[in-house]
Amino acid sequence: MKKPANFQDGIHTSDFWDFYKEKAIQNSVIADFSRGKESLSGIWQYGIDQYDTCLRNKWWLEHEFMHDGRALPLDYSFDNWADVHIPSCWNMQCEKLFLYEGGMVYTRKFLYSRGENERVFIKFGGVSGRAAVFVNKTYMGLHEGGSTPFYIEVTDVLQAENRIVVAVNNTRRPDSVPADNTDWFNYGGIYRDVELIRVPKAFIKTFQAGLDFIRIEVDGADTGTAVLRIPELNYTAGINVQNSRGEAEFSADPELWSPENPQLYEVEVEFITACGGTRDKISDRIGFREIGVQGREILLNGKPIFLRGISAHEESVINGKAVTEDEIRENYALAKEMNCNFMRLAHYPHSEHASRIADEIGILLWEEIPVYWAIEFDNPAAYANAENQLSELISRDINRASVIIWSVGNENPDTDSRLEFMSRLTEKARELDKTRLITAACLVDHGTLVIADRLTEKLDIIGVNQYYGWYDPDFSKLPTVFENSNPAKPVIISEFGADCRAGFHGGSDEMFTEEFQLAVYEKQIETLSNIEYIKGVSPWILYDFRCPRRLHYMQDYYNIKGLLSADKTHKKLAFYAMQKFYANLN
């Protein structure tokens, strides 16, 4: 349809997002652990943009003058906006932004000195919401999925002085992943580090080192040779690269990684193009271990293991979703104090530091994408979003020994469209990584009181969320569920629990008291201890966390099922019950 003569794109276009969606950023992850990085975190400027005017009116083009030199009136002033420190969540900047959902524009300038024969990428560790990125008045791409990293090549647009603009929008949408209804706080902003990375013209994009194979993918060259070295093992292996990929047998004899012995090795990979004109070398700290399932057993390095776990959100009272490495270490220390060997990182990919630290200290991990509750399972765009987040997560953490489980979702209804959607995700996960187990947190069939979800046929481990004693007060149903079920696979009870206000005491039948929560935990522990096919437990949850759907006066906008208070200074009585239960399993 022809536009009328007085049509103005900036105010009359309703589908302005379509322009930006045409340049979607898909699984751009680069292996970068050992690469030199120049931080672009620190002080940025930001402006609240409720109507997405930056995108509608293309502020990023910085059209400040008419063709005849006359100045244009502007609705923005990038360099005079308020300062903000990146990484951070805007919700934690000031009171007026605490519950804000919508558009935000970030910008900063940076200097760049060009090197010889290099390519340059900007890495965003995590931006909560849609993120449209612009460098020097050039649109670079749109990323969706607020918890996985993305990389943008900026080699051809960089100058001596550069401006970067990032338009972020964390509006909850029914066609997104997660959708518009979740059970956690919707933080917004550039909440993980931003870094500039320089690589050679041909470089190692990703590599995977397993117990019996090595894989490598390069970018910028079709053919060449690669060498993998593990100095501590005095091991060297050659890899022939064709069509930008190579694979070889790995025949070293490393000491196997486990929670009791988190042995890591410095693994070096060097690539040389066929003409010998370009070299690239990277390294990583990698643990070698084997995870599998045999019947109803979970096997770590060939031996049965019970996953003594706890679930956790990525949240901090002070920093929101922008958790620090110290806070991650604190969470693991508390889990280990509870005698855990396992943690479920719910309900989205946590910081890459979480899996690296888990490798170092010895904690097994369940990692998850936010296919949560009521996704638009019939929407191809929603599936593409979910698959991309899964691909980015797997690419990022492919060499993390601590990660033993990929989860494709949580508490979804057992519909035909959901079965197809999530079955495709399980197939994608196996295509990308055959060395780990696949699960999803499923719901009990409350009508027939049985573990019965059609998706379980596609899983290696069955995750089960159940809240008998809390949402369903009739606890006697739980033993019936287990009696009625006869799964051929191991089951992890991925959630159970009850709300309680830290420090609030009373009788064991008084809801929201520590005694009530303790009573639920004691009954759960007694019941779960007698079920042969249960091979892991991760109660809900390590500590209380913000949630706008929790309006009871005891909750005060928090999910208070934590075993600790939100600030982690108070351990509730149920913490000690789990600590004792896990100690007796050793």
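Index from 1, following the sequence.
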Under 3.5 Å side-chain donor-acceptor pair for [X] and [Y]:
X	Y	answer
Thr138	Asn136	no
His143	Glu392	yes
Thr148	Gln389	no
Ser41	Glu195	no
Ser395	Asn27	yes
Asp222	Gln242	no
Gln45	Asp79	no
Arg289	Ser258	no
Asn91	Lys321	no
Asn261	Glu255	yes

Should the pair [X] and [Y] be classed as cation-pi, given the thresholds of under 6.0 Å to the six-membered ring centre and 45° from the axis?
X	Y	result
Arg215	Phe213	yes
Arg56	Trp17	no
Lys205	Tyr151	no
Arg229	Tyr235	no

Please check: side-chain N/O of [X] versus main-chain N/O of [Y], any donor-acceptor pairing under 3.5 Å?
X	Y	result
Asn240	Thr225	no
Asn379	Ala381	yes
Arg436	Val403	yes
Thr324	Glu327	yes

Is the shortest distance from a Lys or Arg side-chain nitrogen in [X] or [Y] to a carboxylate oxygen in the other one below 4.0 Å?
X	Y	result
Lys123	Asp193	no
Lys201	Glu118	no
Glu352	Arg192	no
Asp156	Arg119	no
Arg430	Glu427	no

Next on the checklist: Applying the side chain to side chain contact (heavy atoms under 4.5 Å, CB included) criterion to Ile369, which one of Asn410, Val177, Leu393, Asn385 satisfies it?
Outcome noted: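 The passing option is Leu393.
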
Next on the checklist: Ile204 and side chain to side chain contact (heavy atoms under 4.5 Å, CB included): which single residue from Asp32, Ile216, Ile30 fits?
Outcome noted: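 Going through Asp32, Ile216, Ile30 one by one, the side chain to side chain contact (heavy atoms under 4.5 Å, CB included) with Ile204 is satisfied by Ile216 alone.
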
Looking only at heavy atoms, which two atoms of [X] and [Y] are closest? And how far apart?
X	Y	result
Ala440	Met422	CB-CE, 4.2 Å
Met343	Leu542	CE-CD2, 4.3 Å
His313	Tyr543	O-OH, 3.1 Å
Val371	Leu425	CG2-CD1, 3.9 Å

Determine whether [X] and [Y] make a side-chain contact, defined as any pair of heavy atoms from C-beta on separated by less than 4.5 Å.
X	Y	answer
Arg198	Phe203	no
Thr278	Ile272	no
Ile405	Ile438	no
Trp184	His347	yes
Ile363	Pro259	no
Leu364	Leu307	yes

Next on the checklist: Let me confirm one number: the OG-CZ distance from Ser311 to Arg344, rounded to the nearest 0.5 Å.
Outcome noted: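 So the gap between those two atoms works out to 5.0 Å.
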
Are there over 12 heavy-atom neighbours, none belonging to [X], within less than 6.0 Å of that residue's [atom1]?
X	atom1	value
Ile43	CD1	yes
Asn234	CG	no
Lys458	NZ	no
Asp253	CG	no

